[in-house]
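Starting from 1, each residue takes its place in the sequence as its number.
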Amino acid sequence: MTPQPPPSPEMAGTPPPPALSLTAAVNSWTAGAPTPYSDFIYGYALGMAPNSAGQSIVYTFGGTSSDEGGTGMTVKAYNVATNTWTGKQAQVVVFYSNGVGKIGSRLYFSGGYVNAGSLPDASRELWAYDYSSDRMIKKANLPIFSAEGVSGVINRKL
C-alpha cells in the first residue's frame with residue numbers, strides 16, 4: 001500500500017499568494033527583447049559563446065528577412081545578461097545551414113542553401129566565425145553538398 005499525503009488545510013482565511021517574481025524560474029520561458037528585424041526572418045542558425053565579461057551571447061547566422069531583401073544577413077548578437085541586440089559587420093549568405101558548433105573561440109557552421117528562392121542550391125561551404133574580432137573565416141569545403149542538417153562538437157572536432 002502506497003502512503004498518501006496528508007489532506008490540505010482549509011483555504012478559508014488563507015492570505016493571497018505573494019506577487020509574482022520577475023526572476024526566471026527553472027524550466028520556464030521568459031520573454032526577451034524583440035529581435036532587431038522589423039518583419040519575418042527564417043532559415044537562420046544560432047550559436048552561443050561568452051563575451052570577454054563571461055556573459056552569454058547568442059549569435060544569428062544566415063537566414064533571410066524582409067529587412068535585408070533576401071540577399072543575406074548580417075550577424076546579430078543577443079546579450080542574455082543585458083537583454084539587448086547588436087548588429088555586427090560580418091555577413092553570411094546561407095539559409096538553413098547544418099547548425100552551429102563552438103570550438104575554441106570560434107563558431108562553425110556548414111552547408112545550407114545559397115539561394116532563398118523557390119529553387120535553392122545546396123552548399124558545401126564551411127565557415128568559422130571569430131566572434132572576438134567579428135570576422136568570417138572560410139574553411140575547406142565539405143566533401144558533399146548539405147543543408148538542413150545537425151552539427152555537433154566532440155573532442156574539439158565538428
Side-chain angles (χ1 to χ4, degrees), residues 1-70 72-113 116 120 123 126-137 146-158:
M1 180 173 200
T2 306
Q4 298 296 317
S8 299
E10 286 294 319
M11 295 300 290
T14 303
L20 293 175
S21 169
L22 295 178
T23 59
V26 173
N27 200 24
S28 68
W29 289 92
T30 303
T35 65
Y37 310 104
S38 65
D39 203 354
F40 68 89
I41 177 174
Y42 64 91
Y44 58 91
L46 301 173
M48 193 282 299
N51 65 9
S52 59
Q55 298 169 324
S56 295
I57 309 297
V58 178
Y59 295 92
T60 65
F61 298 102
T64 188
S65 77
S66 60
D67 293 350
E68 295 184 334
M73 298 291 292
T74 55
V75 174
K76 306 285 193 289
Y78 173 72
N79 185 315
V80 176
T82 62
N83 191 31
T84 56
W85 284 93
T86 56
K88 300 295 184 178
Q89 293 297 312
Q91 290 195 353
V92 181
V93 182
V94 68
F95 313 93
Y96 298 109
S97 75
N98 293 317
V100 179
K102 182 181 178 300
I103 302 172
S105 63
R106 294 181 178 162
L107 295 169
Y108 291 80
F109 56 96
S110 66
Y113 300 116
S123 171
L126 172 62
W127 290 92
Y129 177 64
D130 183 340
Y131 49 87
S132 63
S133 64
D134 187 27
R135 181 174 63 113
M136 287 292 174
I137 303 163
S146 179
E148 300 184 60
V150 177
S151 290
V153 175
I154 298 174
N155 294 328
R156 298 182 52 86
K157 294 184 181 186
L158 188 65

For S110 against S97, the heavy-atom pair lying closest together: O-CB, 3.4 Å
Would K88 and Y129 count as a side-chain contact (heavy atoms from CB on, under 4.5 Å) here? Give the steps. CA-CA 11 Å; K88 300 295 184 178; Y129 177 64; 3.7 Å; yes
Any chance you could lay out the side chain to side chain donor-acceptor pair (under 3.5 Å) test for N98 and S151, step after step, and finish with the verdict? CA-CA 6 Å; N98 293 317; S151 290; 5.7 Å; no
What distance separates W127 CH2 from F61 CZ, expressed to the nearest 0.5 Å? 12.0 Å
Pair L107-D130, side-chain contact (heavy atoms from CB on, under 4.5 Å): steps then yes or no: CA-CA 7 Å; L107 295 169; D130 183 340; over 6 Å; no
Could you tell me the separation between the OH atom of Y96 and the OG atom of S146, rounded to the nearest 0.5 Å? 15.0 Å
Given side-chain contact (heavy atoms from CB on, under 4.5 Å), test Y108 with V100 step by step and report yes or no. CA-CA 5 Å; Y108 291 80; V100 179; over 6 Å; no
Quick one: does R135's side chain get under 4.5 Å of R106's, heavy atoms only? yes
Which heavy atom of G87 sits nearest to which heavy atom of K76, and what is that distance? CA-CD, 4.1 Å
Give me the ring orientation class for Y78 and W85: parallel if the planes are under 30° apart, tilted from 30 to 60°, perpendicular past 60°. tilted
Using residues 50-57 as the side-chain source, report each donor-acceptor pair under 3.5 Å to any protein atom, sequence neighbours left out, with the distance given to one decimal.
from, atom 1, to, atom 2, distance (Å)
N51, OD1, A53, N, 3.0
N51, OD1, G54, N, 3.1
N51, OD1, Q55, N, 2.8
N51, ND2, Q55, OE1, 3.0
Q55, OE1, N79, ND2, 3.0

For a side-chain contact (heavy atoms from CB on, under 4.5 Å) check, start with the C-alpha distance between Y59 and L46, then their side-chain angles and the critical distance, and finish with the verdict. CA-CA 6 Å; Y59 295 92; L46 301 173; over 6 Å; no
L158 to V153 - nearest heavy-atom pair and separation: CD1-CG2, 4.2 Å
Exam field: side chain D134 to backbone Q89, donor-acceptor pair closer than 3.5 Å: yes
So do M136 and V92 actually touch side chain to side chain, heavy atoms under 4.5 Å? yes
Contact between E148 and Y113 at the side-chain level, heavy atoms closer than 4.5 Å - yes or no? yes
Nearest heavy-atom approach of V58 to M48 is CG2-CG, 4.1 Å
